[in-house]
2 protein chains.
Amino acid sequence: MYRMTAIKETSTIQENKAYALAQCPVTYVMNRIGSYWKPIILYNLSHGDMRYSELKRAIPAVTEKVLIQHLKQLETDQLIIRDAKPVVPPFVTYRLSAAGHGLIPVIEAMANWAKEAAAGQYDVGKDVTD
Amino acid sequence: MYRMTAIKETSTIQENKAYALAQCPVTYVMNRIGSYWKPIILYNLSHGDMRYSELKRAIPAVTEKVLIQHLKQLETDQLIIRDAKPVVPPFVTYRLSAAGHGLIPVIEAMANWAKEAAAGQYDVGKDVTD
DNA sequence: ACAAGTACTTACCCTATAGTATGTATAGAA
DNA sequence: TTCTATACATACTATAGGGTAAGTACTTGT
């Protein structure tokens, strides 16, 4: 059998992931907001509280199942806070928690990069010399 | 049949995604670095050029197939540059492109948040099981 | 009476991604 | 000669996540 690194011989992938997480701070972040939709949801909430239906309309490409699924996960991960008023029809708002607010610089940096890219700042062929 | 919103009646999901992309800058970013491993790869490259084998050792949790797959994709997306010296054994280095460098603030913001969270600044991770 | 709006839930399916395990070319070292 | 290292490639499988469609509870408006 081919000789591999020690960690692959003795550990499962989950254990490898735990190891990588301790070594790399970005890995830690990806385990929190590493899905496709989560940063998009957080981006929308960064402008202020939103009702469930507002989020739905703001992100029409996401299905209801996936949206609610991610909202639940974000709530469990303490990144957002769900506020449900006991009325009919339901009135539920979502907002960023303290930890969620802490992610705004990440989201802002993403938005900035997208705007720079859209403005053609990173054109094909450009290289970096440092 | 249940009455749905206009966009769902007339558009495919791909079209919905394209629509969301035009509306939301974060969506644009997620289409570039939206996988689990890409930000982790970029984080490693942000400290300097790396050979393929160095990346492999730096991120032991990722399999070779997935690593090379993402490197190819990042290269296609103009975020990294592959440099292969015509020697045996092969000597291939990867480095950030201009656009890749532009993403460093995003990666840095992620790393910062992780460090703050690890320092207990957001009181998360205590009652959350990953 | 019945549709409409709200915030979900659930069952089922399907595909994209990830993981496993192997193979390949080349040349110098042992 | 066989081994090792490099930087991949590839076939095959597994699973997690996402998509579709429909249902639920409750009340106000027509």
Side-chain angles (χ1 to χ4, degrees), chain A residues 1-5 7-9 11-17 20 27 30-31 33-38 40-41 49-75 80 82-94, chain B residues 1-17 20 27 30-31 33-38 40-41 49-76 80 82-94 130:
Chain A
M1 184 194 171
Y2 189 77
R3 173 90 183 289
M4 305 187 89
T5 57
I7 192 161
K8 283 196 177 178
E9 280 183 297
S11 301
T12 67
I13 291 148
Q14 290 308 314
E15 283 164 349
N16 282 354
K17 276 203 178 177
T27 299
M30 294 315 286
N31 278 285
I33 57 163
S35 84
Y36 181 83
W37 296 110
K38 278 177 190 168
I40 297 169
I41 293 170
D49 307 4
M50 286 179 95
R51 294 184 67 178
Y52 171 78
S53 54
E54 289 176 318
L55 276 169
K56 226 175 59 183
R57 277 188 290 270
I59 317 172
V62 73
T63 63
E64 287 192 63
K65 194 198 78 170
V66 172
L67 177 58
I68 196 73
Q69 191 174 291
H70 282 107
L71 287 171
K72 296 284 174 204
Q73 189 61 53
L74 288 168
E75 195 195 355
I80 64 173
R82 197 186 91 112
D83 204 349
K85 286 182 183 164
V87 295
V88 167
F91 195 97
V92 178
T93 51
Y94 291 92
Chain B
M1 185 193 174
Y2 189 76
R3 173 90 182 290
M4 306 188 88
T5 57
I7 193 162
K8 283 195 178 179
E9 280 182 299
T10 57
S11 301
T12 67
I13 291 148
Q14 290 310 315
E15 284 164 348
N16 282 352
K17 276 203 177 176
T27 300
M30 293 314 287
N31 278 284
I33 58 163
S35 84
Y36 181 82
W37 297 109
K38 278 177 191 166
I40 296 168
I41 293 170
D49 307 4
M50 285 178 95
R51 292 184 68 177
Y52 171 77
S53 53
E54 288 177 319
L55 276 168
K56 225 174 62 181
R57 277 188 290 270
I59 319 172
V62 73
T63 62
E64 287 193 63
K65 195 198 79 171
V66 172
L67 177 58
I68 196 72
Q69 192 174 288
H70 281 106
L71 287 172
K72 296 283 176 204
Q73 189 61 54
L74 287 168
E75 197 194 352
T76 303
I80 65 174
R82 196 186 92 113
D83 203 350
K85 288 181 184 165
V87 294
V88 167
F91 195 97
V92 178
T93 51
Y94 292 93
D130 290 305

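Side-chain atoms are counted along with the backbone in the values below, which use heavy atoms only and exclude waters and symmetry mates. To find a chain, count down the sequence lines: A is the first, B the second, and so on, and within it residues start at 1.
Among D/dG19, C/dG19, D/dC26, the nucleotide with an atom closest to any side-chain atom of B/Trp37 is C/dG19. Out of C/dT6, C/dT26, D/dG19, the shortest distance to the side chain of B/Val88 is found at C/dT26.
Within the 4.5 Å cutoff, no side-chain heavy atoms of B/Tyr36 are placed close to those of B/Val62.
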Listed pairs, N/O of protein and of nucleotides 8-10 of chain C, under 3.5 Å:
{"from": "C/dC8", "atom 1": "OP1", "to": "A/Arg82", "atom 2": "NH1", "distance (Å)": "2.4"}
{"from": "C/dC8", "atom 1": "OP2", "to": "A/Arg82", "atom 2": "NH1", "distance (Å)": "3.4"}
{"from": "C/dC8", "atom 1": "OP2", "to": "A/Tyr94", "atom 2": "OH", "distance (Å)": "2.9"}
{"from": "C/dC8", "atom 1": "N4", "to": "A/Glu64", "atom 2": "OE1", "distance (Å)": "2.9"}

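Listed by chain and residue number, nothing satisfies the side-chain hydrogen bond (donor to acceptor under 3.5 Å, both in side chains) test with B/Tyr94 (two or more places apart in sequence, or in another chain). Not counting sequence neighbours, the partners of B/Asp83 by the salt bridge (Lys or Arg N to Asp or Glu O under 4.0 Å) test are B/Arg95. Checked against side-chain contact (heavy atoms from CB on, under 4.5 Å), B/Glu54 has the following partners two or more places apart in sequence or in another chain: B/Met50, B/Arg51, B/Arg57. For B/Ser35, the side-chain hydrogen bond (donor to acceptor under 3.5 Å, both in side chains) test picks out B/His70, with sequence neighbours left out.
For A/Arg57 and C/dA7, the CZ to P distance is 8 Å, given to the nearest whole Å. One can place CD of B/Glu54 at 16 Å from P of D/dA5, the figure rounded to the nearest angstrom. For the pair A/Met50 CE and C/dA7 P, the interatomic distance rounds to 12 Å; values are reported in whole Å.
In this model, the phosphate group of D/dA7 is approached by a side-chain N or O of B/Arg51 to a distance below 4.0 Å at OP1 or OP2. Within the 4.0 Å cut-off from OP1 or OP2 of D/dG18, at least one side-chain nitrogen or oxygen of A/Gln69 is found. For D/dG18, the OP1/OP2 oxygens have a side-chain nitrogen or oxygen of A/His70 closer than 4.0 Å. The side chain of B/Ser53 contributes an N or O atom lying less than 4.0 Å from OP1 or OP2 of D/dA7.
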